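Notes to accompany the following structure.
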Amino acid sequence: MHIVTLGKQHTIKNNWTVIAGPCSAEDRTQIIDIAKELSHLKVDVLRAGLWKPRTHIDSWQGVGEQGLEWMQEARKETGIAIATEVKDEKTLEATLRANLDILWIGSRNGQNYALLEAVGKMTSHTKIPIILKRNMGADLDDWLGAAEYIAKYNPNVILCERGIKGFPRETRNVLDLQIAKLAQYAGFPVIIDVSHAAGRRDLITPMALAVKAAGFNGLMVEVHQNPDSALSDSKQQINTSDFKILSDKLALVPNQI
Ligand code: PEP
Ligand code: MN
């Protein structure tokens with residue numbers, strides 16, 4: 001996929017798209033500054049979460065709706081497309097009002113059929129791209145079936161593999177490129193989120209290079225100005241200089257098989 005601008009709205013085409021940015025939006029300066037840095041580093045889409053799906057209720061839950069304004073400002077200043085996660089119908093409505101470029105459904109909501117259908121219906125006129133992350137326990141049929149709940153109303157669905165639950169303790173999840181490739185054969189563009197699959201920084205570069213070489217449609221990677229102080233997913237985010245090194249390496253890898 002490639003993000004192109006049609007009038008004021010960004011949209012997506014099939015080939016290689018890089019989506020990068022912090023796990024969470026934390027403050028206005030962070031978002032504006034990282035948008036500036038990443039827009040110079042071959043990043044097509046800035047990602048950041050506003051309503052974080054945390055394992056524990058007492059963990060930090062994200063900045064919420066105020067972050068939408070920071071994102072709009074970042075887009076205005078840099079021209080970069082913006083993606084964020086919608087968690088439920090309320091956050092879906094707020095995000096649509098803010099007219100962002102891409103929405104994503106997180107893994108935990110990957111089979112929340114009521115939300116998926118609502119997203120499809122509420123974007124059927126704009127057809128803005130919707131990234132559907134694979135539920136961490138979904139098989140291929142579950143994942144494609146979930147995609148149909150959106151695609152019935154808005155065909156512009158991009159599937160995102162982000163790792164499934166497995167037995168290894170050394171990684172957060174198991175990156176399942178085989179089922180991701182079968183999902184691509186089924187006709188959807190497929191991108192790979194290497195950060196949530198690995199849960200650790202040292203696997204991001206090798207996995208990202210493998211993803212491009214295997215002919216997927218894009219990459220999602222968490223990038224933060226100072227990963228060690230990130231308010232969520234600190235261990236799996238890389239800093240902007242490491243992202244630049246990754247980006248230079250990716251440029252050398254062909255994306256066709
Ligand atoms: C995220 O992208 O920050 C996120 C919460 O991802 P996932 O839904 O894949 O866990
Ligand atoms: Mn995250």
Side-chain angles (χ1 to χ4, degrees), residues 1-13 16-53 62-88 90-106 109 119 122-123 125-133 150 154 156-160 162 189 191-193 195-196 217-225 230-233 237-238 240 243 247:
M1 297 166 302
H2 186 65
I3 300 292
V4 291
T5 307
L6 290 180
K8 276 200 177 127
Q9 194 74 39
H10 291 280
T11 187
I12 249 170
K13 282 227 165 115
W16 176 252
T17 293
V18 176
I19 303 176
C23 177
S24 300
E26 297 172 10
D27 59 60
R28 180 183 162 276
T29 319
Q30 171 221 21
I31 291 299
I32 310 278
D33 288 353
I34 201 139
K36 285 184 186 156
E37 280 195 69
L38 294 181
S39 59
H40 291 119
L41 294 176
K42 302 192 191 80
V43 172
D44 306 287
V45 182
L46 175 72
R47 62 142 288 150
L50 303 177
W51 301 279
K52 297 308 297 179
V63 295
E65 213 167 316
Q66 59 177 326
L68 291 168
E69 279 176 30
W70 310 337
M71 291 174 162
Q72 288 171 316
E73 205 178 326
R75 176 171 60 182
K76 206 167 160 203
E77 284 209 25
T78 64
I80 200 166
I82 311 270
T84 201
E85 173 174 351
V86 297
K87 197 169 169 182
D88 50 28
K90 193 162 162 260
T91 58
L92 167 64
E93 282 167 19
T95 306
L96 290 175
R97 274 197 302 276
N99 196 27
L100 298 192
D101 304 285
I102 300 176
L103 310 184
W104 89 76
I105 315 284
N109 269 321
V119 168
M122 290 183 67
T123 59
H125 54 301
T126 60
K127 307 232 175 340
I128 72 164
I130 309 293
I131 296 172
L132 173 61
K133 290 205 175 191
I150 307 169
N154 173 2
N156 215 349
V157 178
I158 299 143
L159 300 183
C160 178
R162 45 77 74 206
I191 65 171
I192 311 293
D193 172 348
S195 299
H196 290 86
N217 302 94
L219 175 73
M220 184 182 276
V221 56
E222 289 188 330
V223 182
H224 190 283
Q225 286 104 325
L231 297 180
S232 58
D233 285 351
Q237 305 200 58
I238 57 172
T240 47
F243 177 77
S247 173

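Both backbone and side-chain heavy atoms feed into the values below; hydrogens, waters and symmetry mates do not. Computed from a predicted structure; not experimentally measured.
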State whether the side chain of Gln237 and the backbone N or O of Ser232 hold a donor-acceptor pair below 3.5 Å, judged by distance alone. yes
Could you grab the distance from atom CG of Leu46 to atom CD of Glu37, nearest 0.5 Å is fine? 11.5 Å
Does some side-chain heavy atom of Ile82 sit less than 4.5 Å from a side-chain heavy atom of Ile102? no
Determine, step by step, whether Leu92 and Leu103 satisfy the side-chain contact (heavy atoms from CB on, under 4.5 Å) criterion, reporting the C-alpha distance in whole Å, the side-chain angles of both residues, the deciding distance to 0.1 Å, and the verdict. CA-CA 8 Å; Leu92 167 64; Leu103 310 184; 3.7 Å; yes
Are side-chain heavy atoms of Ile32 and Glu77 found at a separation under 4.5 Å? yes
Within this structure, what is the CD-CD1 distance for the pair Glu222 and Ile19, rounded to the nearest 0.5 Å? 12.0 Å
To the closest 0.5 Å, what do you measure between CG (Leu68) and OG1 (Thr95)? 5.0 Å
With the side chain counted from C-beta on, respond yes when Leu50 and Met71 share a heavy-atom pair under 4.5 Å apart, and no when they do not. yes
Within the side chain of Asp44, is there an N or O that forms a donor-acceptor pair under 3.5 Å with the backbone of Val18? yes
Polar side-chain atom of Asn217 near backbone of Trp16 as donor-acceptor pair, under 3.5 Å: no
Determine yes or no for a side-chain-to-main-chain donor-acceptor pair under 3.5 angstrom, with Gln72 supplying the side chain and Asn99 the backbone. no
Output yes when a side-chain donor or acceptor of Asn154 lies under 3.5 Å from a complementary backbone atom of Pro129, and no otherwise. no
Should Val45 and Asp101 count as side-chain neighbours, where that means a heavy-atom distance under 4.5 Å? no
Heavy-atom check, side chain of Asp33 versus side chain of Gln225, under 4.5 Å: yes
Could you give the distance from CG (Leu159) to CD1 (Ile191), rounded to the nearest 0.5 Å? 9.0 Å
Between Ser39 (side chain only) and Thr78 (backbone N and O only), is there a donor and an acceptor less than 3.5 Å apart? no
How about Pro22 and Ile31: do any of their side-chain heavy atoms sit closer than 4.5 Å? yes
CG on Asn156 to OG1 on Thr123, rounded to 0.5 Å: 8.5 Å
Answer yes when Arg28 and Glu69 have at least one side-chain N-carboxylate O distance shorter than 4.0 Å, and no when they do not. no
Check: Gln30 side chain, Glu26 main-chain N or O, donor-acceptor pair, under 3.5 Å: yes
When rounded to the nearest 0.5 angstrom, what distance separates CD1 in Ile105 from CD1 in Ile131? 10.0 Å
Test side-chain contact (heavy atoms from CB on, under 4.5 Å) on Val63 and Trp70; report intermediate values, then the result. CA-CA 11 Å; Val63 295; Trp70 310 337; 3.7 Å; yes
Mark yes or no for whether Ser247, through its side chain, and Phe243, through its backbone, hold a donor-acceptor pair below 3.5 Å. no
Backbone N/O of Cys23 and side chain of Lys52: donor-acceptor pair under 3.5 Å: yes
Looking at side-chain heavy atoms only, is the closest gap between Asn109 and Trp104 below 4.5 Å? no
Close side-chain approach of Val221 to Asp193, heavy-atom, < 4.5 Å: no
Applying side-chain contact (heavy atoms from CB on, under 4.5 Å) to Leu96 and Met122, what does each step give before you reach the verdict? CA-CA 8 Å; Leu96 290 175; Met122 290 183 67; 3.8 Å; yes
Does the side chain of Asp233 come under 3.5 Å of the side chain of His196 through a donor N or O and an acceptor N or O? yes
